[in-house]
Amino acid sequence: MKVTPMGKVIDNVDVICQHKSDGEIIPLRFRLMNEDGLYETYTIKGYRQIMRKDLYTTPDGLTVCSNDNVYECRVMTLEMYRTVRLYFNRTSCHWRIAI
């Protein structure tokens with residue numbers, strides 16, 4: 001796990017997503033291991049994909065390029081909505097999350 005000025009980035013996250021026939025990827029759910037070693041599952045209530053073709057640094061301090069899909073997702077935690085960012089690298093098929 002990497003701690004950034006905006007929060008923390010978790011390099012290994014399990015994500016359930018839908019792959020459409022046109023190649024679009026829609027994140028549906030993700031799960032994280034809590035400090036007790038138990039998995040917590042979160043359903044994504046809404047998302048928007050951030051589309052950029054250039055190399056840039058996100059507010060979470062991650063450098064992403066055109067091979068990365070970035071999603072801002074709304075999830076419900078403790079009766080409140082929160083925004084998290086999911087990062088999917090299409091080359092390595094690897095998910096990361098910034099919370």
Side-chain angles (χ1 to χ4, degrees):
M1 175 173 36
K2 174 182 168 184
V3 177
T4 65
M6 297 298 291
K8 63 182 176 178
V9 174
I10 300 171
D11 285 326
N12 292 314
V13 61
D14 298 330
V15 177
I16 295 176
C17 59
Q18 176 182 1
H19 293 262
K20 294 177 62 177
S21 61
D22 64 359
E24 182 183 355
I25 299 171
I26 300 172
L28 303 172
R29 261 181 257 143
F30 63 90
R31 73 177 187 170
L32 302 170
M33 188 176 292
N34 65 18
E35 51 275 346
D36 297 326
L38 302 173
Y39 282 107
E40 295 179 0
T41 302
Y42 300 92
T43 300
I44 296 169
K45 303 293 186 182
Y47 77 95
R48 75 179 178 107
Q49 186 172 358
I50 299 170
M51 306 288 276
R52 286 186 58 175
K53 302 240 184 244
D54 58 332
L55 182 71
Y56 70 101
T57 302
T58 67
D60 304 306
L62 297 175
T63 302
V64 295
C65 66
S66 60
N67 284 334
D68 297 302
N69 291 6
V70 180
Y71 302 92
E72 282 188 351
C73 303
R74 289 184 48 96
V75 296
M76 176 79 77
T77 60
L78 302 172
E79 304 295 324
M80 292 177 49
Y81 279 106
R82 262 184 94 176
T83 300
V84 298
R85 272 185 283 286
L86 283 172
Y87 298 89
F88 179 67
N89 183 284
R90 292 192 310 266
T91 304
S92 65
C93 294
H94 184 254
W95 287 93
R96 294 183 288 176
I97 189 169
I99 55 177

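On a predicted model such as this, the values are computed, not experimentally measured, just so you know.
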Salt bridge (charged side-chain N to carboxylate O under 4.0 Å, His left out) partners of Arg29, counting only residues at least two apart:
none
Going by salt bridge (charged side-chain N to carboxylate O under 4.0 Å, His left out), name the residues that satisfy it together with Asp36, two or more places apart in sequence or in a different chain.
none
Can I get a per-line list of side-chain donor-acceptor pairs under 3.5 Å for residues 14-21, giving both atom names and the distance, sequence neighbours left out?
| residue | atom | partner | partner atom | Å |
| --- | --- | --- | --- | --- |
| Asp14 | OD2 | Arg31 | NE | 2.7 |
| Asp14 | OD2 | Arg31 | NH2 | 3.1 |
| Lys20 | NZ | Glu24 | OE1 | 3.4 |

Would you please name every residue forming a side-chain contact (heavy atoms from CB on, under 4.5 Å) with [X], sequence neighbours left out?
X: Asp68; result: Val64, Cys65, Asn89
X: Leu78; result: none
X: Thr83; result: Glu72, Arg74

From Val84, Val13, Val75, residue fulfilling side-chain contact (heavy atoms from CB on, under 4.5 Å) relative to Ile99:
Val84
Minimum heavy-atom separation for Ile25 and Tyr71, please, with both atom names.
O-OH, 3.0 Å
Would you please test Thr43 and Met76 for side chain to side chain contact (heavy atoms under 4.5 Å, CB included) and show each step?
CA-CA 8 Å; Thr43 300; Met76 176 79 77; over 6 Å; no
Leu28 and Ile97: same hydrophobic cluster, using ILVMFWY side-chain contacts below 4.5 Å?
yes
If you define the side chain from C-beta out and look only at heavy atoms, does anything of Met33 sit under 4.5 Å from Leu38?
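They are not in side-chain contact.
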With the side chain counted from C-beta on, respond yes when Arg90 and Asn69 share a heavy-atom pair under 4.5 Å apart, and no when they do not.
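When only atoms from C-beta onward are counted, Asn69 and Arg90 do touch, with a gap below 4.5 Å.
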If you measure only the distance, is there a donor-acceptor pair under 3.5 Å linking the side chains of Gln49 and Tyr47?
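Judged by distance alone, the side chains do not pair up.
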Evaluate the side chain to side chain contact (heavy atoms under 4.5 Å, CB included) criterion for residues Thr63 and Tyr56: first the C-alpha distance (whole Å), next the side-chain angles of each, then the deciding distance (0.1 Å), finally the verdict.
CA-CA 6 Å; Thr63 302; Tyr56 70 101; over 6 Å; no
After noting the C-alpha distance and the side-chain angles of Asp11 and Arg96, does the key distance pass the side chain to side chain contact (heavy atoms under 4.5 Å, CB included) rule?
CA-CA 5 Å; Asp11 285 326; Arg96 294 183 288 176; 3.2 Å; yes
What distance do Leu86 atom CG and Ile50 atom CD1 have between them, rounded to the nearest 0.5 Å?
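Between Leu86 CG and Ile50 CD1, I get 10.5 Å after rounding to 0.5 Å.
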Relative to each other, are the rings of Trp95 and Phe88 parallel, tilted or perpendicular (30° and 60° limits)?
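Aromatic pair Trp95/Phe88 classed tilted.
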Is the charged tip of Arg85 near the ring of Tyr87: under 6.0 Å from the six-membered ring centre and within 45° of its axis?
no
